[in-house]
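Comments concern the structure below.
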Amino acid sequence: MQAEGSSLYRLAVAAESDGGGNETAVVTEADRLHMRRALELAARGLGATYPNPAVGCVIVDASGRVLGEGFHPRAGMPHAEVYALRAAGRAAAGATAYVTLEPCNHFGRTPPCSRALVAAGVSRVVVGCTDPNPLVGGCGVKTLRDAGIVAAVGCEQQACYQLNEEFMVRMQEQAAAASNT
């Protein structure tokens with residue numbers, strides 16, 4: 001993995017494209033600042049979210065003003081994006097969401113966060129790292145991009161991965177086991 005400050009890392013993030021006409025997703029220093037705040041929020045849920053990951057979300061308007069924040073407090077409770085969107089209200093339309101882990105895209109105990117972000121009208125989502133959960137695995141980002149939302153993936157990726165390393169490894173093992181059956 002490239003160091004986040006390196007020029008190769010910036011190129012790797014900037015080069016990411018879905019091929020569907022979305023503009024190039026570039027991660028800025030301001031993005032890193034907001035993602036670090038989302039990581040602080042996510043850490044509040046550590047130890048209480050199993051079997052889910054600890055996730056944080058910050059919603060920011062074009063001027064850089066924070067409109068809403070949230071974190072996943074406990075399994076079965078709403079996810080970070082829902083709390084942040086509730087706090088932001090209608091002001092979330094056109095804003096940027098910073099999420100430490102790819103928004104879920106399936107119905108479980110809670111509805112899909114990717115669809116909540118689409119419904120709120122955010123224009124951009126910065127994702128810390130993709131979710132290796134076989135139920136998500138890139139589908140959350142795809143849903144966002146299919147709705148015309150710019151999605152930048154990999155902001156503070158190493159820190160986002162490390163925050164939920166147990167979850168990430170467990171999901172990677174489940175995905176590998178599922179592909180071997």
Side-chain angles (χ1 to χ4, degrees), residues 13 16-25 27 31 34-35 38-39 41-42 45 49-60 68-88 92-157 159-161 163-179 181:
V13 173
E16 182 171 331
S17 172
D18 67 347
N22 279 322
E23 67 184 64
T24 301
V27 174
D31 292 334
H34 293 301
M35 186 60 73
L39 279 160
L41 293 166
T49 61
Y50 186 88
N52 297 334
V55 178
C57 180
V58 179
I59 310 285
V60 178
E69 297 182 333
F71 69 97
H72 183 45
R74 179 170 55 122
M77 298 289 293
H79 293 178
E81 299 92 328
V82 172
Y83 288 112
L85 288 169
R86 285 179 186 168
T96 296
Y98 297 88
V99 188
T100 57
L101 186 67
E102 176 182 10
C104 65
N105 198 55
H106 61 283
F107 286 89
R109 288 184 270 186
T110 61
C113 293
S114 58
R115 296 183 195 176
L117 291 163
V118 169
V122 300
S123 62
R124 183 170 177 256
V125 178
V126 179
V127 175
C129 58
T130 56
D131 189 339
N133 182 336
L135 296 174
V136 181
C139 295
V141 169
K142 183 179 181 328
T143 293
L144 298 171
R145 289 179 173 160
D146 286 351
I149 296 171
V150 175
V153 180
C155 179
E156 298 293 330
Q157 182 172 332
C160 291
Y161 183 94
L163 180 74
N164 288 298
E165 190 163 13
E166 181 279 329
F167 170 83
M168 303 298 268
V169 169
R170 183 167 32 95
M171 290 298 111
Q172 289 164 344
E173 289 171 352
Q174 283 184 15
S179 68
T181 58

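None of these values were measured; they are calculated from a predicted model.
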Practice task
Check the pair Glu156, Leu39 against side-chain contact (heavy atoms from CB on, under 4.5 Å), reporting the backbone distance first and the verdict last.
Solution key: CA-CA 9 Å; Glu156 298 293 330; Leu39 279 160; 4.2 Å; yes

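- For Cys129 against Tyr161, the heavy-atom pair with the smallest separation is SG-N, 3.9 Å.
- Among all heavy-atom pairs drawn from Ala151 and Val141, the shortest one is CB-CG1, 4.0 Å.
- Taken from CD in Gln172 to CD in Glu165, the straight-line distance is 9.0 Å, to the nearest 0.5 Å.
- The two atoms that bring Met35 and Gly128 nearest to each other are CE-N, 3.4 Å, heavy atoms only.
- Applying the side chain to side chain contact (heavy atoms under 4.5 Å, CB included) test to Arg170 and every residue at least two apart in sequence or in another chain returns Tyr50, Pro51, Glu166, Phe167, Gln174.
- Of all heavy-atom pairs spanning Val60 and Ala95, the tightest one is O-CB, 3.2 Å.
- Sorted by first and then second residue, the side-chain hydrogen bond (donor to acceptor under 3.5 Å, both in side chains) pairs involving residues 117-137 (not counting sequence neighbours) are Asp31-Arg124.
- Between the Ser114 side chain and the Cys104 main chain, a donor and an acceptor come within less than 3.5 Å of each other.
- The side chain to side chain contact (heavy atoms under 4.5 Å, CB included) test with Val99 is passed by exactly one of Val125, Ile59, Val58: Val125.
- Contact check for Asn52 versus His72: side-chain heavy atoms found under the 4.5 Å cut-off.
- Summarising the geometry of Thr110 relative to Pro78, their closest heavy-atom pair is CG2-CA, 4.2 Å, with the distance given to 0.1 Å.
- Atom CZ of residue Phe71 and atom SG of residue Cys57 lie 12.5 Å apart, to the nearest 0.5 angstrom.
- When side chains are defined from C-beta on, Pro103 counts as touching Val127, because their heavy atoms get closer than 4.5 Å.
- Note that the CD atom of Glu102 and the OG1 atom of Thr143 stand 8.5 Å from one another [nearest 0.5 Å].
- For the residue pair Leu85 and Ala92, the shortest heavy atom distance occurs at CD2-CB, 3.8 Å.
- Side-chain N or O atoms of Thr100 include one that pairs as donor or acceptor with a backbone N or O of Gly56 at under 3.5 Å.
- Looking at heavy atoms from C-beta onward, Glu81 lies in side-chain contact with Leu117 at the 4.5 angstrom threshold.
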